[in-house]
Amino acid sequence: MRTRTFPPTGRPLGAVGLGCSALSPWMYARPDLDDTEAAALLHTAVDRGVTCLDTAGVYGEGHNESLIGRALSARRHEVFLATKAGFVVDDLAAMTLHRDGRPAQLRAAVEASLRRLRTDAVDLCYLHRIDPDVPLEDSWGALAALVRQGKIGHLGLSDVRVRDAERAHRIHPVAAVQSELSLWARQSMPIVRWCARNGAVFAPYAPLGRGFLTGTITPHTDFAPGDVRARHPRFTRRARAANERILTVLRTVAARHAATPAQIALAWTLAQGPHVIPVPSTTRLRHLHDNIAAAALDLTAQDLADLGGAPAAVEDAC
């Protein structure tokens with residue numbers, strides 16, 4: 001797979017990473033997925049050049065990190081591990097959680113992540129969300145102290161505004177920002193440009209529009225119990241029908257490249273800058289191989305113009 005550079009170190013990383021959340025009971029999990037199949041997918045990903053693995057302490061309330069730790073402990077040197085701290089699960093079944101950016105909580109969360117991941121240090125730790133009840137300086141300062149202790153390599157922010165990134169960057173370098181970015185969620189472009197100016201990676205989550213941009217979800221698709229898309233305003237039947245217009249554009253461009261809509265959607269995120277490393281989630285090997293192949297696609301100026309002209313996503317009341 002093609003590589004991209006992690007600016008703070010110059011380390012080459014696979015251009016397409018892997019969001020690991022779907023491998024655990026969390027948000028979009030497959031009820032029939034077991035740890036053996038999930039571990040096999042992780043190994044295949046690393047074999048194919050996927051080096052950026054994205055997880056978090058709250059994914060499956062620790063299950064996701066434990067899965068990665070067990071599966072890849074012997075291959076730790078081959079992967080760039082990114083995790084997150086700053087959320088606490090209240091009820092896993094109901095998928096309710098709250099923000100907690102207190103320094104003591106962040107320190108405890110990182111220590112727990114290291115134990116589950118079976119590593120002495122993670123390459124990157126994101127502040128999962130800014131806690132409005134805790135000054136950012138306190139949360140960011142606590143994580144920066146863990147960098148100095150050698151337990152975290154670099155720090156990142158998740159779902160922040162430019163002014164938040166600048167505020168944190170004055171205290172300790174922001175090495176990466178993670179926010180939703182896809183052809184139907186383009187609101188993160190200001191922070192994408194901020195990352196480019198400041199030598200940080202931008203790691204889009206949900207680059208496939210939470211599955212919609214694959215073209216496999218129709219207005220008549222039923223979601224499994226517990227799938228959060230059943231409550232998402234872009235996934236009502238009426239919204240899905242309206243958002244088919246976006247897929248029409250994707251399919252037109254995909255036909256030019258003998259590619260899938262999902263591959264074009266990923267190629268679009270990659271085209272937003274050499275510092276962009278998307279982390280799509282998947283539980284299926286065939287989808288993993290398709291996602292990796294997207295890194296080899298070169299979109300033309302006409303392709304980008306056509307995709308840029310795709311309509312904005314429609315939302316509906318759930």
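Keep in mind that what you see is a predicted model, and the values were worked out from it rather than measured.
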Using a distance-only test with no angle check, is there a side-chain donor-acceptor pair under 3.5 angstrom linking [X] and [Y]?
X	Y	answer
Asp303	Thr300	yes
Asp131	Gln105	no
Thr55	Asn64	yes
Glu65	Ser113	yes
Asp159	Tyr205	yes

Verify, without hydrogens or angle tests, whether [X] (side chain) and [Y] (backbone) share a donor-acceptor contact under 3.5 angstrom.
X	Y	answer
Thr214	Ala262	no
Thr51	Phe80	no
Trp140	Ala168	yes
Gln263	Ala254	no
Ser24	Gly60	no
His275	Val192	yes
His128	Ser158	no
Thr282	Arg284	yes
Arg4	Leu270	yes
Thr236	Ala239	yes

Between [X] and [Y] (salt bridge meaning N to carboxylate O under 4.0 Å), is one present in this structure?
X	Y	result
Arg76	Asp123	yes
Arg2	Asp298	yes
Asp47	Arg75	yes

State, yes or no, whether a side-chain contact exists between [X] and [Y] at a heavy-atom distance under 4.5 Å.
X	Y	value
Val122	Leu114	yes
Asp54	Gln178	yes
Val276	Pro204	yes
Asn291	Pro278	no
Val201	Cys195	no
Asp35	His63	yes
Leu127	Val160	no
Phe87	Val89	no

message: Can you tell me which residue among Arg240, Arg237, Arg229 is in a salt bridge (charged side-chain N to carboxylate O under 4.0 Å, His left out) with Asp222?
response: Arg237
Can you tell me how far the [atom1] atom of [X] sits from the [atom2] atom of [Y], to the nearest 0.5 Å?
X	Y	atom1	atom2	answer
Leu136	Arg170	CG	CZ	9.5 Å
Glu315	Phe235	CD	CZ	10.5 Å
Ser66	Leu117	OG	CG	7.5 Å
Trp184	Asn243	CH2	CG	5.5 Å

query: Hydrophobic clusters join Ile, Leu, Val, Met, Phe, Trp and Tyr when side-chain heavy atoms are under 4.5 Å apart, directly or via other members; which others share one with Val134?
result: none
task: Give the intermediate values and the outcome of side-chain contact (heavy atoms from CB on, under 4.5 Å) for residues Phe212 and Ser182.
output: CA-CA 11 Å; Phe212 185 81; Ser182 71; over 6 Å; no
message: In this structure, would Leu181 and Leu157 fall into the same cluster of hydrophobic residues linked by side-chain contacts under 4.5 Å?
response: yes
message: Pair Arg48, Met1 - check side-chain contact (heavy atoms from CB on, under 4.5 Å), show working.
response: CA-CA 7 Å; Arg48 290 290 313 277; Met1 179 166 48; over 6 Å; no
Give the table of side-chain donor-acceptor pairs shorter than 3.5 Å for residues 246-253, with sequence neighbours excluded, one pair per line with atom names and distance.
{"from": "Thr248", "atom 1": "OG1", "to": "Glu244", "atom 2": "O", "distance (Å)": "3.2"}
{"from": "Arg251", "atom 1": "NH2", "to": "Gly215", "atom 2": "O", "distance (Å)": "3.4"}
{"from": "Thr252", "atom 1": "OG1", "to": "Thr248", "atom 2": "O", "distance (Å)": "2.9"}

- request: Check whether more than 12 heavy atoms from other residues, nucleotides or ligands sit under 6.0 Å from atom CG of Asp34, and answer yes or no.
  value: yes
message: Please check if the number of heavy atoms outside His220 that lie under 6.0 Å from its NE2 is greater than 12.
response: no
With sequence neighbours excluded, residues passing side chain to side chain contact (heavy atoms under 4.5 Å, CB included) with Pro274: none
- request: Give the C-alpha distance, both sets of side-chain angles, the deciding distance and a yes or no for side-chain contact (heavy atoms from CB on, under 4.5 Å) between Val174 and Asn198.
  value: CA-CA 8 Å; Val174 175; Asn198 289 276; over 6 Å; no
- request: Using the side-chain contact (heavy atoms from CB on, under 4.5 Å) rule, take Ile264 and Leu183 through it: C-alpha gap first, then chi angles, then the decisive distance, then the call.
  value: CA-CA 10 Å; Ile264 298 301; Leu183 199 58; over 6 Å; no
